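Both ligands and their constituent atoms are indexed starting at 1 by order of listing. A quick note: this is a predicted structure, and the numbers were derived from the prediction, not measured.
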Amino acid sequence: MSKRKPLVVVTRRLPDAVETRMRELFDVRLSSDDAPMAAETMAAALRDADVLVPTVTDEIDAGLIAQAGPNLRLIANFGNGVDHIDVAAALERGITVTNTPGVLTEDTADMTMALILAVARRVAEGARIIPDDEWTTGWSPTWMLGRRITGKRLGIVGMGRIGQALAKRARAFGLQIHYHNRRRVPAAIEGALDATYWESLDQMLARVDIVSVNCPHTPATYHLLSARRLKLLKPEAVVVNTARGEVIDENALARLIEGGEISAAGLDVFEQEPAVSPRLVKLARQGKVVLLPHMGSATYESRIDMGEKVIINIKTFMDGHRPPDRILPSML
Ligand SMILES: O=CC(=O)O
């Protein structure tokens, strides 16, 4: 690598502290506005840059990667999920891809717990009542009743870092932990979480009260919660997703909630962000689903730590070493 500072192109505004550090270390082209990069700007960035720092809002497909200039050696994603990047195409061209795992685990697990509570206890609906001047008769024995979560069964789909962090929290709320994962987690972790492993996702779905999606979106998990699988849930079941919209067949979920075959959902992620199915929006107005605009890792702390991870990945790579958070072909 030459002695010149690497040209690092960043597609979105990052926290001030992160941008300042990047300016010190790199020849950095920062985004002036906080909108997803237009396709032509992205193509130009890929042509010029040594390093691209995209986020989940940038679709970097094989066609764009084919237009990358000879200097582009690293795509250092600001975020955990890399399903918006054709990583296989990048690796084929000798471009390394990194992400920011670990630092957003606790915050995303908190948000998942928040959605579980919000749906079960009607928090979003309740929070609108006073500002909307609708609290006219005061406390009532029969009004705004939700569902107790203590003693219920939580089925976690994907027992990685975030799944495990959720399980810890959920146990403190008295939920029984069930999980499905490609691989069973080590016995010590399973024991500490008092978690029941289900090799068959179908069998787990039929038995849980709340299902939480915490696995990445890959070709193998696309519509993992298909219409057929969603129909296995009990009618009083709740579905929560803070991972990726694509893991659930969103239309099927909306249809089943409309028909009363599933009770409710709490969703932080969607199949076509930022577009959200009008059917889900209608269900949110009716108080049957809680919708959040992809906020799982949205804390100052997470976003600064994610920026630091991006910087470490770039620095390590530019110093000629393997960056810590490389995406390996075996992870795809
Ligand atoms: O969704 C956000 C991320 O993948 O970090």
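Applying the salt bridge (Lys or Arg N to Asp or Glu O under 4.0 Å) test between Glu106 and each of Lys168, Arg161, Arg169 identifies Arg169 as the sole match. Screening Arg229, Arg207, Lys231 for a salt bridge (Lys or Arg N to Asp or Glu O under 4.0 Å) with Asp202, the sole residue that qualifies is Arg229.
The pair Arg13-Glu19 meets the salt-bridge criterion, since a charged nitrogen lies less than 4.0 angstrom from a carboxylate oxygen. Using a 4.0 Å cut-off between a side-chain N of Lys or Arg and a carboxylate O of Asp or Glu, Glu258 and Arg279 qualify as a salt bridge. A salt bridge is absent between Asp50 and Arg73: the closest approach of a Lys/Arg side-chain nitrogen to an acidic carboxylate oxygen does not fall below 4.0 angstrom.
Residue contacts with ligand 1 leave out Val56, since none of its heavy atoms falls under 4.0 Å from the ligand.
Between Gly81 and ligand 1, a contact under 3.5 Å exists for at least one N or O pair. Any N or O atom pair closer than 3.5 Å counts here, and Asn80 shares at least one such pair with ligand 1.
Listed by number with element, the atoms of ligand 1 under 4.0 angstrom from any heavy atom of Arg244 are 1 (O), 2 (C), 3 (C), 4 (O). In the vicinity of His294, heavy-atom distances shorter than 4.0 Å reach the ligand 1 atoms 1 (O), 2 (C).
In Leu104, the part holding a heavy atom less than 4.0 Å from any atom of ligand 1 is the side chain.
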